[in-house]
Amino acid sequence: MGSLRRGITAAAGLLLLASAVPAGAAQHDGDRGLYAVRGTDKADRTAIARSGVDVWGVRGDTLTFAADSAQAQALRGQGFELEKVGDVDALLAERNPDVRTAVDEFPPGDEGYHTYTELTEVLEQAVADHADIASLSSVGDSYEGRALHLIKISDNVAQDEDEPEVLFTCNQHAREHLTTEMCLRIVERFTDEYGSDPTVTELVNTREIYVIPTVNPDGAEYDIEGGRYKGWRKNRQGSGTDLNRNWGYQWGCCGGSSGSPSSETYRGPSAFSAPETAAVKAFVDSRVVGGVQQIKAHLDFHSYSELVLWPYGYTYDDSNETMSPEEAERFREVGEALAASNGYTPQQSSDLYITDGSINDWMWAEHGILSLTFEMYPSGGGGLDGFYPPDERIEPETERNDEAVEILLTEAGNQG
Ligand SMILES: [Zn+2]
């Protein structure tokens with residue numbers, strides 16, 4: 001508390017969005033609104049996130065989030081100055097052309113993104129074309145029964161060699177489709193360029209690379225059902241669980257998630273209650289060989305705000321009994337090196353706001369894995385369009401992280 005809470009007046013992107021809302025469209029009673037609060041510190045952002053609203057983006061000290069009228073009223077009652085900058089339904093209507101495709105596909109103009117069926121085909125083709133260095137399996141099934149694809153890339157791929165292992169996960173949050181494309185780029189780059197790109201070749205020869213391109217295929221498919229975006233975040237179990245609040249370390253401890261099933265940050269009835277998180281957990285647990293966790297580094301992709309985040313999220317403390325000052329310093333150094341390569345902003349996760357039950361906290365606390373999060377393009381301060389960049393942005397915004405991926409793969413070979 002104690003920071004300025006002036007309503008936003010001049011974020012250009014927000015004004016553009018607000019002006020795009022058709023007159024009268026914001027009058028639906030009970031509809032969710034898009035709000036901005038400026039001049040926040042991390043305690044303010046934690047208090048706002050704790051109320052169960054749907055945080056969309058952060059830029060500087062401005063937090064942008066979707067909230068229903070009751071949530072907005074409660075926050076105003078706490079003294080926050082909320083500036084309403086849009087209506088969620090109106091923004092969705094604006095983003096979705098009034099054309100419905102007959103088949104399951106992204107909205108017109110965004111066909112460059114991969115549906116689950118298309119993703120599966122690309123992965124199967126990559127493995128068929130590169131059978132010596134790539135294999136396809138799954139870590140289990142989603143709630144609705146879709147395979148949670150797992151791609152392994154390494155020389156002698158059929159063998160479990162004594163090489164540092166690295167895991168990349170994408171699309172825990174349904175609407176963050178750009179992240180699935182990021183994982184797909186990693187798969188294609190480390191297979192297609194093997195033997196021609198010296199760095200790729202060296203890393204494939206000396207690492208075992210695991211990629212899970214979509215942790216939440218049910219949610220992602222639902223988000224584009226009928227060729228119209230829905231702004232969906234959670235999985236499709238009941239009213240949906242926020243997968244990145246469902247992990248089992250300090251689950252629900254600290255007001256960094258919601259116990260209300262209707263909330264966008266619902267943590268689920270228990271840790272690992274979601275089949276998707278339980279499946280990824282079981283895979284990571286299975287990589288303990290001879291008492292030693294083989295996975296040395298992990299990167300989880302999200303969007304948006306252009307940030308590099310490291311644990312812990314559940315506490316403001318930089319270090320504690322489960323993270324020494326030296327370990328915290330290593331996270332900072334790696335995070336800053338990654339950010340220097342892609343232009344993102346590096347910070348400890350809780351500097352943004354408190355989250356609990358996140359994948360990074362669990363990976364580090366339970367397995368000692370150097371685990372970080374990227375919040376991809378665009379930078380914060382935008383609105384709904386931040387989740388749905390046009391497909392022309394896929395190539396530049398995934399290529400932007402090529403060097404960061406190499407840095408993490410290299411770092412996995414260093415002693416922690
Ligand atoms: Zn996310």
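Atoms within each ligand, like the ligands themselves, are counted from 1 in listed order.
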Original post:
His298 and side-chain contact (heavy atoms from CB on, under 4.5 Å): which partner among Leu372, Leu370, Thr169?
Top reply: Thr169
Original post:
Taking only residues two or more places apart in sequence, or in another chain, which ones meet Arg185 in a salt bridge (charged side-chain N to carboxylate O under 4.0 Å, His left out)?
Top reply: Asp402
Original post:
What's the count of protein N, O or S atoms under 2.8 Å from the Zn ion (ligand 1)?
Top reply: 4
**OP:** Using modelled atom types only, decide if a donor and an acceptor are shared between the side chain of Arg267 and the backbone of Ser257 within a distance under 3.5 Å.
**Re:** yes
Subject >> ring-ring contact (aromatic ring centres under 6.0 Å, His included) involving His302 - partner list, sequence neighbours excluded >> reply: His173
**OP:** Look at the side chain of Asp68 and the backbone N and O of Gln71, then say whether any donor-acceptor pair between them is shorter than 3.5 Å.
**Re:** yes
Subject >> Residues that Arg207 engages under salt bridge (charged side-chain N to carboxylate O under 4.0 Å, His left out), provided they are two or more places apart >> reply: none
